[in-house]
Amino acid sequence: DKQEKSKYTFFNSEGKDTAFIFLNGGKVDEKAYSYIAKDLVKEDIDVYFLKAPFNLHIFSFFRTSKLIKDIKDDYKNIFVGGHSLGGTVASMNTEDVDGVVFLGAYPFFESYKDLNIPTLNIYGEKDGLIDSVKREKVNGYMPANTIHKLIEGGNNAQFGKYGFQKGDLDA
């Protein structure tokens with residue numbers, strides 16, 4: 001069940017315990033990630049795709065924390081995350097969440113690691129936007145309890161269904 005709201009698109013599951021707030025990559029339409037919502041809904045997770053001016057969440061990072069405050073009494077678990085720039089902005093909104101998911105992304109602040117929040121970090125081996133030197137550095141921004149998942153041969157653009165991204169490597 002998909003519902004369009006002014007500030008987000010909501011995918012309602014049959015479950016009522018867990019919500020995932022997703023922030024799309026910079027300038028990428030949220031529809032490129034609908035497969036993520038469909039799979040999570042099958043696992044009884046409600047999904048919120050936040051909308052942002054020009055599809056750039058950096059212009060509306062406060063919307064994430066507002067939505068978390070609005071829904072925190074409705075769920076036992078709330079997770080936030082996103083792709084690329086969306087994931088980075090998600091890391092700036094960790095109050096009252098149970099975990100953060102990075103897809104080809106990394107925390108905005110090095111001090112994120114001190115939050116010790118459960119974190120899932122998924123990234124591609126052929127990511128042209130975050131080269132291996134930068135990836136090693138930003139992985140150091142993650143808490144010690146982070147689960148790191150490398151997708152061999154994967155690039156940055158493959159987290160969404162929107163085609164090739166300038167600066168990315170061939171997968």
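Every value quoted in this text rests on a predicted model; they were computed, and no experiment measured them.
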Heavy atoms from other residues, nucleotides or ligands near CD of Glu125 exceed 12 (cutoff 6.0 Å): yes
Ile117 to Asn145 - nearest heavy-atom pair and separation: O-OD1, 3.5 Å
Close side-chain approach of Ile21 and Ile68, heavy atoms under 4.5 Å: yes
Aromatic Phe54 / basic Lys27 pairing, under 6.0 angstrom, 45° off normal: no
Val101 reachable from Phe109 in the ILVMFWY side-chain graph, under 4.5 Å edges: no
Pair His57, Asn24: side-chain N/O donor-acceptor within cut-off below 3.5 Å: yes
Minimum side-chain heavy-atom gap Thr18-Tyr75 below 4.5 Å: no
Other residues, nucleotides, ligands: >12 heavy atoms within 6.0 Å of Phe59 CZ: no
Closest contact, heavy atoms only, Tyr162 versus Ala157: OH-CA, 3.3 Å
Validation row, ring centre Tyr8 to ring centre Phe49 under 6.0 Å: no
Approximate separation, where rounding is to 0.5 Å, of Glu30 CD and Leu23 CG: 10.5 Å
Validation row, ring centre Phe10 to ring centre Tyr48 under 6.0 Å: yes
Nearest heavy-atom neighbours spanning Thr9 and Lys2: CG2-CE, 3.7 Å
Heavy atoms from other residues, nucleotides or ligands near CD of Glu136 exceed 12 (cutoff 6.0 Å): no
Lys149 vs Leu120, side-chain contact (heavy atoms from CB on, under 4.5 Å): CA-CA, chis, key distance, verdict: CA-CA 8 Å; Lys149 294 291 183 183; Leu120 175 59; 4.2 Å; yes
Atom CG of Leu150: over 12 foreign heavy atoms under 6.0 Å: yes
From Phe159 atom CZ to His83 atom NE2, the distance as rounded to the nearest 0.5 Å: 6.0 Å
Nearest-0.5 Å distance, NZ of residue Lys69 to CG of residue Asn93: 8.5 Å
Heavy-atom closest pair, residues Tyr112 and Thr119: OH-OG1, 2.7 Å
Cluster check Leu115, Val80: I/L/V/M/F/W/Y, side chain < 4.5 angstrom: yes
Considering all heavy atoms, the nearest Ala90-Thr94 contact: O-CG2, 4.1 Å
Asp131/Arg135 ion pair, N-O < 4.0 Å: no
Heavy-atom neighbours of Gln3 CD exceed 12 at 6.0 Å: yes
Worked verdict on Ser13 versus Asp46 for side chain to side chain donor-acceptor pair (under 3.5 Å): CA-CA 5 Å; Ser13 73; Asp46 288 350; 2.7 Å; yes
Output field: ring centroids Tyr33/Phe22 closer than 6.0 Å: yes
Interatomic distance, Asp73 atom CG to Asp96 atom CG [nearest 0.5 angstrom]: 9.0 Å
Lys134 NZ to Asn139 CG distance, which is reported to the nearest 0.5 Å: 12.0 Å
Salt bridge present between Lys51 and Glu4 (N-O < 4.0 angstrom): yes
Non-hydrogen side-chain atoms of Met142 and Pro107 separated by less than 4.5 Å: yes
Between CG on residue Leu169 and NZ on residue Lys126, distance to nearest 0.5 Å: 7.0 Å
Heavy-atom closest pair, residues Ala105 and Ser84: CB-O, 3.2 Å
Cluster overlap Ile122 with Ile45, hydrophobic side-chain contacts below 4.5 Å: yes
Path from Leu67 to Ile58 over hydrophobic side-chain contacts below 4.5 Å: yes
Non-hydrogen side-chain atoms of Lys72 and Ile78 separated by less than 4.5 Å: yes
Stepwise side-chain contact (heavy atoms from CB on, under 4.5 Å) check, Val47 with Ile36: CA-CA 9 Å; Val47 180; Ile36 293 172; 5.8 Å; no
Close side-chain approach of Lys42 to Glu14, heavy-atom, < 4.5 Å: no
Side chain proximity check, Asp168 to Asp127, heavy atoms < 4.5 angstrom: yes
Any side-chain heavy-atom pair of Tyr123 and Leu103 under 4.5 Å: no
Close side-chain approach of Asn156 to Gln165, heavy-atom, < 4.5 Å: yes
Leu40 with Ile147, same ILVMFWY side-chain cluster at under 4.5 Å: yes
Phe11 atom CZ, over 12 foreign heavy atoms within 6.0 Å: yes
Between Tyr141 and Phe102, ring centroids under 6.0 Å: no
